[in-house]
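A short write-up of the structure that comes next.
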Amino acid sequence: MLEAILVMSLGAVVLGAALGYAAVKFRVEGDPLVEKIDAILPQTQCGQCSYPGCKPYATAIARGEAEINQCPPGGEEGIRKLADLLGREFKPLSAEHGVEKPKAVAVIDEQTCIGCTLCIQACPVDAIVGAAKQMHTIIADQCTGCELCLPPCPVDCITMEVLHETVDTWKWKYPVFPLHPAQVQS
Amino acid sequence: MLRVLAALTPGIAAYAWFFGPGVLIQLGLASLTALLAEALMLKLRDRPIWRSVGDGSALVTAWLIALSFPSTGPWWLVVVATLAAILVAKHLYGGLGQNPFNPAMVGFALMIVAYPLMMSRWPGAGAAMDIGQAGALIFGSHSVDTVTMATPLDTLRTAMHGVETKLSVETFLQSRPDLHAAWKWIAAGYLAGGLWLLQQRIISWHMPTAFLVTLIALAGVSSAIDPSAFNGPLFELISGGAMLAAFFIVTDPVSGCTTPRGKLIFATGVALITWIIRHFGGYPDGIAFAVLLMNVAAPLIDMYTQPKVFGLKDDQGSRHD
Amino acid sequence: MIRQPQQQLFRFNGGVTPEYHKDQSTRVPIGVPPAPTELVIPLHQSIGGTPRPIVSVGERVLCGQRIGEADGDVSAAVHASTSGTVVAIEMRQLPHPSGLSSLCVVLQADGHNDWIACSAFDYEQATAQEIRDYLRDSGVVGLGGAVFPSHLKLNAGHQIGIDTLIINGAECEPYITCDDMLMRERATEIVRGVALMRRVLNAKAVCIGIEDNKPQAIAAMQTAVSESKEDFAVTTVPTRYPAGGAKQLIRVITGIEVPHGRRSVEYGVQCFNVATALAIYQAIALGRPLISRIVTVAGNVSNARNFEVLIGTLMKDIVALCDPLADTDRVIMGGPMMGVELASQDVPVVKATNCILLGSQKIFPPAPPEMPCIRCGECAIACPADLQPLELYWFARAKLFGKAQEYHLFDCIECGCCSYVCPSNIPLVDYYRFAKSEIWAREKEKALADEARERFEFRQFRDEREEHEKVARLAARAAAAAEAKAQSAADLAAASAGGDSGGDDATKALIAAALERARQQGGEIAPKNTGHVSAEQLAEIAQIESRRAEIREQAKPQLPPDS
Amino acid sequence: MTGYFFVVLGAVLVNNVVFVRILGLCPFMGVSKKLETALGMGAATTFVLTMACGSSFVIDRWLLQPNGLEYLRTLSFIVTIAAIVQLTELVIQKVSPLLHQVLGIYLPLITTNCAVLGVPLLNVTLKYNFVESLLFGFGSAVGFSLALILFAAMRERLEGADVPVHFRGTAIAMVTAGLISLAFMGFTGLDKYK
């Protein structure tokens with residue numbers, strides 16, 4: 001019995017020492033995973049995931065605190081990429097965080113705008129230009145469609161306008177496949 | 001697919017001639033099962049039934065199963081194998097074109113693992129059997145020992161590694177010339193069908209050539225070294241389903257490799273594993289296992305044998321100086 | 001090393017030999033359609049940026065006058081194809097598979113066809129930059145179908161020189177005969193254009209590659225070359241689709257394979273279409289910009305023919321000249337292999353329109369239903385780019401775009417050989433086009449996301465910096481205050497705090513007031529849309545006054561907010 | 001010498017740790033979605049398993065057996081392997097963060113991977129000497145890696161297959177693994193020649 005205890009404790013001491021040494025010797029700082037997750041997220045900074053921006057959400061995913069299906073703008077495609085990166089199973093978009101919408105940009109009704117600058121402060125990507133008491137306008141190319149400017153506007157002069165297809169953004173459609181209805185694979 | 005079926009007929013005719021009409025019953029059984037199973041799965045998956053059933057792919061699977069099974073085996077042997085092939089190996093993966101394994105070989109491997117004894121009871125050649133007798137054997141009782149015997153490979157294996165170690169290939173063949181001739185004719189039938197398929201450009205030359213060359217080479221070298229332990233090339237080719245495999249099983253495009261180099265590697269691998277299992281393994285014939293094993297490796301082989309894309313070939317570079 | 005192209009030809013892998021149907025449209029010479037009364041000239045006709053319109057509605061333009069100015073270097077100008085009046089600059093349907101519209105200049109022809117003053121361009125004295133700008137402003141683009149601005153290709157080898165200039169007269173696609181007819185009828189001008197290009201490019205050898213199913217074109221070109229005393233080689237290449245693809249023709253003539261993403265000039269080769277050579281001749285020697293092109297009308301018509309069509313002519317006007325058969329059910333721009341089906345014939349002919357192909361159930365019977373791919377490998381044998389179309393299809397179908405790219409999706413030239421040979425009738429190219437445009441869209445999205453991230457991070461950085469600055473400023477002020485009035489520090493601090501909260505309240509009150517006004521204005525603005533001018537004016541006045549009030553209020557000194 | 005060869009061959013093919021002994025299925029199913037992760041996992045397992053076989057042999061032969069403590073075998077093996085896995089994880093995290101991310105939660109899985117414990121225990125049962133133990137461990141790990149890599153390549157292709165909805169994902173992967181297992185049964189009997 002004594003031998004058994006001795007042997008086991010000897011093993012514990014030796015291995016523990018080795019592990020302890022390695023933990024010091026091979027310590028890793030920083031988490032490159034966050035960057036990779038952040039690169040997948042759509043950068044709308046909309047906060048629908050319940051985190052204040054894409055980077056914090058990425059951090060939360062990397063720490064295992066958040067699910068990968070909380071990003072409505074990223075859509076199914078984004079979830080799929082995250083699942084691939086992290087080796088997790090694909091999950092459908094979580095309903096409590098919103099639904100996938102067609103890409104839209106915010107448009108300010110310039111007649112109604114009172115120039116309060118509240119939307120400028122709300123815009124996470126500085127896509128609204130204007131000054132106090134001046135009419136504001138949105139730079140459509142830079143708008144991510146996050147809708148964060150909608151609630152602060154005191155006169156509700158901002159609307160979301162769905163982007164229409166042009167010759168430049170037109171995409172070839174999925175070919176008709178009569179044998180099997182088009183199915184997304186998991 | 002229908003031309004593949006047509007190409008099988010010479011082999012089937014020879015088979016039925018030498019071993020009696022049992023094989024025809026088995027073919028019918030397998031075909032019926034396969035078509036019903038196919039239709040069932042298509043119905044369940046809400047896919048157009050007639051077009052897919054009509055493409056003949058299920059029949060090819062069924063016929064390959066029936067031809068590789070003992071022609072006087074019990075009816076459920078072929079039925080279960082066909083069901084496994086169509087339902088599991090084919091339709092669980094999405095149906096024609098998507099299955100990673102050769103369905104017929106899945107059916108065969110399953111049955112030989114589960115019922116090795118049943119699978120090695122072949123009828124003796126020349127045993128003049130009419131359709132009634134065959135039917136009685138297939139659907140009736142199991143007292144069939146009087147007319148059945150093992151395949152030449154099986155017998156030989158037992159002979160070589162068992163008690164009668166002195167029995168050489170020659171003596172074996174001399175002892176059963178009828179059997180030898182029968183298998184030779186059947187193999188010739190498959191060969192004829194296969195050559196026709198080649199001529200019709202249904203199959204490419206890569207796979208049959210690589211398979212046969214490898215098998216002949218292995219048999220030639222090994223039998224030259226130790227004739228008492230290894231079979232000669234001819235015996236290797238006519239026995240088991242070697243010819244059937246070379247032209248009809250290995251050449252399945254869906255589960256095999258598709259790149260030219262991949263095809264060569266694939267068929268060579270099948271021949272090598274077949275030969276190893278035949279001579280060192282626990283099963284009389286290894287074609288089914290060899291095909292399945294190479295099916296497993298096929299995606300990887302395909303991935304690494306991609307032909308060089310236009311402009312990315314090694315033999316040229318930027319010419320500008 | 002100068003190759004002797006006429007001696008040794010090379011072959012590319014794959015390819016198919018479809019029915020060519022070329023004799024349909026080569027029986028009569030190139031026709032000139034009656035002058036159209038209305039021309040719709042799309043501004044975006046070449047690869048690259050969309051030209052900006054530089055004319056205004058109501059303006060009279062002359063034939064050959066620039067109406068669209070090239071946007072950046074990768075772009076080509078657009079010109080009026082005849083003289084007349086600009087009646088509109090608006091969105092019109094394009095000859096594009098989407099059937100979508102884009103900005104077009106609509107011209108009402110006056111029937112005079114008055115030209116601008118044309119003079120030859122002295123390219124010998126011009127710098128590379130000048131030649132480039134001149135060609136760009138002449139709107140010369142590749143007329144083989146890719147409409148790549150020619151000035152970019154001509155400039156590329158200007159200083160260094162190239163080994164071989166290849167002129168593409170292969171024209172491998174079925175039905176299309178516009179290059180064939182052009183070579184038969186205007187060989188001399190083509191050869192002159194080639195000579196110009198050769199001098200600009202400083203090419204050591206010139207090789208005109210023509211497929212052997214065009215003996216008359218070959219003869220015409222040979223005569224023209226020998227008459228011109230140039231040492232161009234007219235090379236007969238075997239007829240095999242897609243020998244007319246630039247990369248395939250380069251391979252056949254020089255043995256060089258230009259990989260995807262590389263330019264042929266890096267390999268000492270440059271390739272131009274015969275029609276482009278003619279356009280360059282007209283631009284440089286005659287000073288005429290590109291305003292017309294040869295278009296084949298074939299397929300389901302009783303009189304298939306080639307026409308020299310002004311850019312902007314509506315397709316239906318051209319088609320009507322060829323007596324289309326009654327059962328015509330679709331119109332294709334380009335050939336049956338690579339062409340795109342158009343939604344209607346009500347679209348203009350553009351620089352990319354080499355052929356208007358009419359289809360019917362009889363000529364192009366509907367494809368039998370698509371069957372599953374059994375990986376038979378026929379497509380891999382037919383693929384001229386040495387790809388594995390079956391793998392591309394497998395992954396494109398399942399929308400696994402990353403894997404499709406691993407299998408070199410973007411090396412696919414969409415020639416259609418794989419679809420042509422597929423025994424399962426799978427429209428393979430459609431899957432590749434789908435996958436490619438999805439990937440492009442994703443890349444665009446990714447670029448936008450990266451930009452958004454940058455802007456977001458900069459904003460965060462700025463917020464932080466402002467925060468720091470504010471804290472520092474306050475600290476400095478507090479310190480100053482403490483020093484100045486040490487004895488009444490406590491009183492001051494209290495006052496300051498009180499003032500702060502007052503300021504905060506004031507801001508809130510301001511917003512509330514503005515809100516109130518805005519609500520009122522909202523009520524006033526609404527009727528404006530119904531056309532009450534006075535109400536509009538009133539609203540404006542109210543707005544201006546409210547702004548003034550706000551400014552007055554804001555002008556009052558505010559205490560800095562405290563934290 | 002041929003004896004050693006057959007130990008390795010037997011471990012790789014005939015008694016493949018995944019398909020025949022049905023050990024180590026968690027990482028086999030979990031890390032076989034992508035070829036590159038499979039390669040990484042294979043490498044990690046090869047390292048861990050070889051080390052585990054060596055160290056457990058040492059512990060068994062020179063610590064447990066002389067002291068009559070065979071009953072502690074399982075316990076002490078687990079402790080040793082756990083420590084080795086931890087060490088490996090720390091080293092990988094430092095040396096190749098990417099591999100560490102890729103293996104992620106699967107590296108700790110090696111700790112409780114039955115293959116890693118099972119192979120050293122089999123070593124004892126089969127009464128292998130030190131070199132044979134190492135080779136057997138290595139061979140088993142190579143067999144595991146082979147299984148993983150082949151399976152990953154298959155799964156990458158299967159991802160594009162039109163599998164019935166209810167069988168997508170892990171379900172069809174299990175079916176596939178079963179069929180591969182069936183194929184590996186063809187090697188039965190090969191090892192009697194060693």
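In what follows, chains are A, B, ... by sequence order, proteins preceding strands, each numbered from 1.
- Nearest approach of B:P253 to C:C376, heavy atoms of both residues: CB-CA, 4.0 Å.
- In this structure, the portion of C:P384 lying under 4.5 Å from any heavy atom of chain B is its backbone and not its side chain.
- At least one side-chain heavy atom of C:E378 sits under 4.5 Å from a side-chain heavy atom of B:R201.
- For the ring pair (Phe, Tyr, Trp, His ring centres under 6.0 Å) test, no residue two or more places apart in sequence or in another chain qualifies with C:F232.
- Side-chain contact between C:E391 and B:D302: present, with at least one pair of heavy atoms (C-beta onward) separated by less than 4.5 Å.
- Between C:R375 and B:D252 no salt bridge is recorded (no basic side-chain N to carboxylate O distance below 4.0 Å).
- Here the straight-line distance linking atom CG of B:D55 with atom CE of C:M371 works out to 4.5 Å at 0.5 Å rounding.
- B:Q306 places none of its side-chain heavy atoms less than 4.5 Å from the side chain of C:L387.
- The distance from the CD1 atom of C:I381 to the OG atom of B:S204 is 7.0 Å, given to the nearest 0.5 Å.
- Side chains of B:F310 and C:H260 form no contact here, defined as non-hydrogen atoms less than 4.5 Å apart.
- Taking each heavy atom of C:P259 and B:G311 in turn, the nearest pair found is CG-O, 3.1 Å.
- Taking a 6.0 Å sphere around CD of C:Q129, one finds it holds more than 12 heavy atoms contributed by other residues, nucleotides or ligands.
- In this structure, chain B has heavy atoms under 4.5 Å from both the backbone and the side chain of C:A385.
- Taking CG of C:L390 as the reference point, atom OG1 of B:T258 lies at 4.5 Å (rounded to 0.5 Å).
- At a threshold of 4.5 Å between non-hydrogen side-chain atoms, the residues B:Q98 and C:P372 do not count as touching.
- In this structure, the portions of B:T259 lying under 4.5 Å from any heavy atom of chain C include both its backbone and its side chain.
- Considering only residues two or more places apart in sequence or on other chains, B:F108 meets the ring pair (Phe, Tyr, Trp, His ring centres under 6.0 Å) condition with B:F69.
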